[in-house]
Amino acid sequence: MAENPKVRVALIGGGTIAPLHAEYLMSSPTCELVAIVDPYPPGCALAATLSLPHFESVASLLNSLQKPPEAYVICVPSSLHVSIATNVIHQTQPMALLIEKPFCTDSKSGAELLALASEKGCKILVGHHRRFHPSLSTTRSAIQDGKIGNITAISGMWTAKKDEIYFASASWRATRSAGGGPIWTNFVHDIDALHFLTGAKVTCVWAISTTSRRKHAGVAADDIVEEGAAIMTQFSNGVVGTFLVSDNVASPYGWEAATGDNPLYPKAEPPVDIYRILGTKGTIVVPENTLWTYDPETADKYNQETGWKSPISRIKLPVAEGIPFQNQAEHLARVVRDLEDPLCSAEDGLAAVSVCEAIATALKAKDGLPVPISHASRN
């Protein structure tokens, strides 16, 4: 029996994350990157570098290629995700879309896109690539296997220092309404990772802003992005969490520096950790994947109850090899071939967006009061 041909994929957008998608689609044994669609110079330059066909629109792509793509990867500015994805679904009737995070910049439009995709039979995957990182997979398995007992709390950080070039090269990054700022751009990944690890959704947040020091000329005062926040969360299963976010501090305590999974950002040496998942039987630190737990045999030896007076053991959990973006590309192919369901679905992406919206509401209110979140209508 002949093997399935490679899944034909087109990349829409040529910005910061596009070269990474292109690299792993090009090296994929199951996907074939057939074109890049982008009316702007970065997309044209990327296509030329990779010797791929370049088109300024999806319509021109369809008019030129004899065999249309089966799937599209959408990596355009966040505020354009919904409009581009909607147009692609109407024009091409794709089998699947991989949409970069955040899935959308408002829940209403995201829910409408989800409904359209469902109606047209298009599967949506959201680009929360951390779900494909071996460290997160190992942690999730350990939690599901009961190694830390019942989860009680989570603490974490996403901190870094973005330079002026980051904002100067794309004006939308300085505006909250366009999806800029560390909550929408960075912490949205952490939200999804915590949903993935706990198996529950955040249902309430408390948040206060860090001090703002940057100036963004031409941006309305009420639309300038936050520089960070101290956040408390409550999950549907009772787990609570604390998180510190800032993109204007010199710090390695963020996913990119901790893992080195994105070559644009150097890995911190020695390695650092960013999540601590605390349970009744143990604690796991991520991405080091160290399990701290009491050894009942040691406690018995000293005739002690297992607990704070008995020695605690440090166990290194084995982590498989794997590149998240490559794993995500292979998963896209399997979703197109109906071999798997999306690991990060549109519903998952929308849930993370809802949390971002609640945090933005809390930061704007500046009163420290809780902001509830409802996911019931989308589960």
Side-chain angles (χ1 to χ4, degrees), residues 16 77-79 101-102 105-106 130 153-194 202 204-235 240-259 262 264-268 272-276 285-287 352-373:
T16 304
S78 302
S79 60
K101 59 77 203 169
T105 52
D106 70 277
R130 292 186 195 175
I154 291 177
S155 71
M157 299 175 73
W158 187 91
T159 53
K161 191 172 184 69
K162 294 176 181 173
D163 51 36
E164 292 301 320
I165 295 175
Y166 172 84
F167 295 99
S169 61
S171 59
W172 68 268
R173 291 171 174 165
T175 61
R176 183 177 286 169
S177 61
I183 300 300
W184 281 103
T185 306
N186 308 107
F187 186 55
V188 68
H189 266 312
D190 295 295
I191 295 166
D192 181 71
L194 299 182
V202 173
C204 192
V205 300
W206 297 254
I208 55 173
S209 298
T210 59
T211 299
S212 292
R213 298 185 173 91
R214 295 192 185 102
K215 305 296 181 184
H216 296 290
V219 181
D222 62 352
D223 199 27
I224 292 179
V225 294
E226 73 287 340
E227 292 183 19
I231 302 165
M232 290 197 306
T233 58
Q234 185 173 47
F235 293 76
V240 296
T242 61
F243 221 95
L244 182 63
V245 179
S246 176
D247 68 1
N248 199 11
V249 295
S251 167
Y253 292 97
W255 181 265
E256 293 79 10
T259 63
N262 187 330
L264 293 173
Y265 311 104
K267 185 177 181 179
V272 298
D273 292 304
I274 56 168
Y275 301 146
R276 289 172 175 82
V285 290
V286 182
V353 165
S354 295
V355 179
C356 284
E357 289 177 323
I359 294 171
T361 297
L363 295 180
K364 186 176 181 180
K366 299 180 181 179
D367 56 13
L369 295 177
V371 178
I373 306 163

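Values below: every heavy atom of this structure, side chains too, minus hydrogens, waters and symmetry copies.
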Tightest non-hydrogen contact, residues Val355 and Ile191, listed as CG1-CD1, 3.6 Å

Between Met232 and Val205, is a side-chain contact (heavy atoms from CB on, under 4.5 Å) present by the stated rule, with each step listed?
CA-CA 6 Å; Met232 290 197 306; Val205 300; over 6 Å; no

Nearest heavy-atom pair of Thr105 and Glu357: which atoms, and what distance?
O-OE2, 4.3 Å

Between the side chains of Asp222 and Arg176, is the shortest nitrogen-to-carboxylate-oxygen separation below 4.0 Å, so that they form an ion pair?
no

Heavy atoms of other groups near Ile165 CD1, more than 12 under 6.0 Å
no

Taking the side chain as everything from C-beta on, heavy atoms only, tell me whether Val272 gets closer than 4.5 Å to Lys267.
no

Is Val245 close to Ile231 at the side-chain level, that is, under 4.5 Å between some pair of heavy atoms?
yes

Would you check, one step at a time, whether the test side-chain contact (heavy atoms from CB on, under 4.5 Å) holds for Asn186 with Trp255?
CA-CA 9 Å; Asn186 308 107; Trp255 181 265; over 6 Å; no

Asn262 side chain to Tyr265 main-chain N or O, any donor-acceptor pair under 3.5 Å?
no

Think Arg214 forms a cation-pi with Phe167, using NZ or CZ under 6.0 Å from the six-ring centre and within 45 degrees of its axis?
no

Please assess Val286 against Ile274 for the test side-chain contact (heavy atoms from CB on, under 4.5 Å), listing each intermediate value before the final yes or no.
CA-CA 6 Å; Val286 182; Ile274 56 168; 5.7 Å; no

Please examine the side chains of Glu226 and Pro182, heavy atoms only from C-beta on, and report whether any two atoms are closer than 4.5 Å.
yes

Would you mind checking if Glu227 and Arg213 are paired as a salt bridge, meaning a charged N to carboxylate O distance below 4.0 Å?
no

Over all heavy atoms of both residues, which pair between Ile359 and Ala207 is shortest? Give the atoms and the distance, please.
CG2-CB, 4.1 Å

Where is the tightest heavy-atom contact between Trp184 and Gly179, given as atom of each residue plus distance?
CB-O, 3.4 Å

Should Asn248 and Lys161 count as side-chain neighbours, where that means a heavy-atom distance under 4.5 Å?
yes

Test side chain to side chain donor-acceptor pair (under 3.5 Å) on Gln234 and Trp206 and set out the steps.
CA-CA 9 Å; Gln234 185 173 47; Trp206 297 254; over 6 Å; no

With rounding to the nearest 0.5 angstrom, report the CG to OG distance, Asp163 to Ser169.
8.0 Å

Taking all non-hydrogen atoms of both residues into account, name the closest pair between Ala178 and Thr175 and its distance.
CB-OG1, 3.1 Å

Check whether any side-chain heavy atom of Lys215 sits under 4.5 Å from a side-chain heavy atom of Ile224, and report yes or no.
no

Using every non-hydrogen atom in the two residues, find where Ile208 and Gly368 come nearest and quote the distance to one decimal.
CG2-CA, 4.5 Å

To the closest 0.5 Å, what do you measure between OG1 (Thr361) and CG (Leu369)?
12.5 Å

Would you compute the distance between atom CD1 of Ile373 and atom OG of Ser354 and round it to the nearest 0.5 angstrom?
7.0 Å

Can you measure from CH2 (Trp158) to OG (Ser246) and round to the nearest 0.5 angstrom?
8.0 Å

With the side chain counted from C-beta on, respond yes when Leu194 and Ile154 share a heavy-atom pair under 4.5 Å apart, and no when they do not.
yes

Using modelled atom types only, decide if a donor and an acceptor are shared between the side chain of Lys101 and the backbone of Thr185 within a distance under 3.5 Å.
yes

Mind checking whether Ser155 and Phe243 have side chains closer than 4.5 Å, heavy atoms only?
no

Checking side-chain contact (heavy atoms from CB on, under 4.5 Å) for the pair Met157/Tyr275: CA distance, chi angles, key distance, verdict?
CA-CA 7 Å; Met157 299 175 73; Tyr275 301 146; over 6 Å; no

Under a 3.5 Å distance rule, please check whether Thr159 uses its side chain to pair with a backbone N or O of Tyr253 as donor and acceptor.
yes

Contact between Tyr166 and Arg173 at the side-chain level, heavy atoms closer than 4.5 Å - yes or no?
yes

